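Encoded as structure tokens, the structure appears first; notes follow it.
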Amino acid sequence: MKTLVIVDHSNNKLEKSTLNTVKAGTQLENVDLLVLSDNCKDICNELIHIKNINNIFINENDVFKNQLAEDSANFIAENFKDYTNILFSNTSNGKNIAPRLAGLLDTMIIPDVIEIVDKQTFKRPIYAGNAIATCKSKNKINIITIRSTAFEEAEMSDENIGEIKEIGSLTSNNLTKYLNSELTKSERPELTSADIVVSGGRGLGSAENFQVLEKLADKLGAAMGASRAAVDAGYVPNDWQVGQTGKIVAPNLYIAVGISGAIQHLAGMKDSKVIVGINKDEEAPIFSISDYGLADDLFKAVPEMESKLN
Amino acid sequence: MKILVPVKRVVDYNVKVRVKKDETDVELDNVKMSMNPFDEIAVEEALRLKEKGVASEIIAISLGLSEVQETIRNALAMGADSGIFVNCTSKLEPLSVAKILTSICNKIKPDLVIMGKQAIDDDMNATGQMLSAMLNWGQATFASKLEIQDKKIKVSREIDGGIENIEVNLPAIVTTDLRLNEPRYASLPNIMKAKRKPIDEIKVEDLNIDIEPRLEILKVEEPKSREAGIMVKSVDEMIEKLKNEAKVI
Ligand SMILES: Cc1cc2nc3c(=O)[nH]c(=O)nc-3n(C[C@H](O)[C@H](O)[C@H](O)COP(=O)(O)OP(=O)(O)OC[C@H]3O[C@@H](n4cnc5c(N)ncnc54)[C@H](O)[C@@H]3O)c2cc1C
């Protein structure tokens, strides 16, 4: 039995969720890593410190620069068919590539796993997290995506312990071409791995008003999140959306401001350690899952909170 | 240009889903069912391409028990031209759905398949990508904008860091994200008109496809519930609690 973890990265920077996926992998058996990139160096410099893994396979190729699903899935299918488990992080890359790979290998993907019960049994949320399904796999190869908030990070060593090996070769697909990206620039911590998240909803009313929240976030060293309504209205970029169909977060502290608390939003944040709700409507559903609720006008409460924190 | 739009009948997004007492599934009796919201977005996008004169024909397809014909009728009422109903009584996983759709695509040869990025019941986010793999077509998942140019489609994708723009050769698979469009409501005259639009029925047995599920559901349970919290009266009290009780700031 062999387990392969696909290393997720963007612009040749390691995605932190990879470490959670490796941790999940070590609950299976014999973990190898695979990096597909046009430049693996910086990523590998981090990976060599991960404990409890066997090999770090790399394929350095311009083809993998933008991680198109067609190229990545073909490469993995050709070179790693003999593995029992192939794990991805449940990021936009993982969600894009893993099911395509499963389609190529005629296996049913097991997405968004939150618990590994045994080597063939996995738990995953369904219906926006309102139910948890335990699935027993009859697949020959399990292709799994891991919800990073449900697993710890892999342990790291100070020493360089991993061994790097070049593997495989591939020619580019001619189905899809990468053009460019418009990435959201931010000095703040990354949303899915931040300790504190400050999220705003439709109650903010405009893009300008979000600055009220951003000041609070910066005081707390927090990442910014949002509800779907705030993204749809164009107040904030799409990659801030938290929820069933956005990002899943579980920080130590989640502060929901001007967010009503629809089930689709709760699905993305209800595993946070401490939840704070600030909403002027004392009946708002967000209060039913808040550890601390404050029924007040956000335009009064948030600046006051910001000024009183030091 | 011919567009195929798969549509799924799911529990309406407003329903608070409950787990059955025997923990075999969620409660589905007497629950409001609707078209998966992402599939509505897919139908809408196909209609807009037709209105722009880019597409000429839109076919909606659904798989399952006879009730799924209602969902096809919804798509027809929105403006799709015809429907395909794949009659199937057993439970279908995305892998099986992708296989069935592959077989249909090989028959009717659409130039484009637009479908939801995920169904809000099983939250799998898989069928589109699997279908692209099986057909060996390009895929553009999580689309928030698209434009057809000759034999190619330009798509803006919602990714973790922002937006990515790609170009995919046709035929291709596009999966929709929330920002692609706002679906229209079907008007009464269009609902009436939809009743006369044709729906082709295919029996899944006739396709000769292995649809045996690969995942056996052992149990469906409630998630862990959170302990009830408290309401604070002031910002000062909030800060005090976060500092001294929760110790998170
Ligand atoms: C297929 C599908 C997928 C979805 N996926 C997601 C998802 O991933 N994430 C997500 O968040 N949603 C998602 N939704 C949308 C979800 O159902 C809700 O519509 C959305 O979360 C509502 O956002 P909101 O709470 O910001 O807005 P609203 O529900 O409009 O709430 C605004 C809140 O602000 C409060 N407010 C207003 N003014 C003030 C003020 N001055 N001070 C204090 N409070 C104020 C109001 O009392 C209200 O409670 C999805 C929906 C569908 C159909």
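Bear in mind that the values here come from a model prediction, so they are computed numbers and not experimental data. So you know, we letter chains A, B, ... as the sequences are listed, proteins then strands, and number each from 1.
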Interchain contact, [X] with chain A, by part (heavy-atom threshold 4.5 Å):
X	result
B:V19	side chain
B:Q139	both
B:R157	side chain
B:M231	both
B:V11	side chain
B:D210	neither
B:V17	both
B:A126	both
B:L218	both
B:Y13	both

Point to revise | Top of A:N96, A:N139, A:T176 for chain B proximity - count of heavy-atom pairs under 4.5 angstrom | key: A:N96
Quick one: does [X]'s side chain have a donor or acceptor within less than 3.5 Å of a partner on [Y]'s backbone?
X	Y	answer
A:T184	B:G162	no
A:K273	B:A246	no
B:R226	A:S290	no

Practice item. Against chain A, work out which of B:T141, B:V220, B:L215, B:V26 has the most heavy-atom pairs shorter than 4.5 Å and name it. Key: B:L215
**Study point:** Pick from B:R18, B:K241, B:M134 with the largest number of heavy-atom pairs that fall under 4.5 Å of chain A
**Key:** B:K241
Review point. By a 4.5 Å heavy-atom criterion (distance strictly below it), what part of A:E15 contacts chain B: side chain, backbone, both, or neither?
Key: neither
**Study point:** Engaged part of A:I263 at the chain B interface, taking heavy atoms whose separation is under 4.5 Å
**Key:** side chain
Study note, to complete from the structure: Among residues 232-240 of chain B, those lying within the under-4.5 Å heavy-atom range of chain A are B:V232, B:K233, B:S234, B:V235, B:D236, B:M238, B:I239
Review point. Which residues in residues 163-172 of chain B have a heavy atom less than 4.5 Å from any heavy atom of chain A?
Key: B:I163, B:E164, B:N165, B:I166, B:E167, B:V168, B:N169
Check your understanding: Between B:K99 and A:D106, is the closest basic N to carboxylate O distance under 4.0 Å?
Key -> yes
Exercise for review: Taking only Lys NZ, Arg NE, NH1 and NH2, and the carboxylate oxygens of Asp or Glu, determine whether B:D123 and A:R124 approach each other closer than 4.0 Å.
Suggested key: no
Check your understanding: Side-chain contact, heavy-atom cut-off 4.5 Å: A:Y127 with B:I120?
Key -> no
**Study point:** A:K95 vs B:Q118, side-chain contact (heavy atoms from CB on, under 4.5 Å): CA-CA, chis, key distance, verdict
**Key:** CA-CA 10 Å; A:K95 288 186 219 173; B:Q118 81 191 67; 5.8 Å; no
**Study point:** Closest non-hydrogen atom pair, A:C135 against B:I217
**Key:** SG-CD1, 4.0 Å
Check your understanding: Yes or no on side chain to side chain donor-acceptor pair (under 3.5 Å) for A:N130 and B:E222, after CA distance, side-chain angles and deciding distance?
Key -> CA-CA 7 Å; A:N130 286 307; B:E222 297 271 355; over 6 Å; no
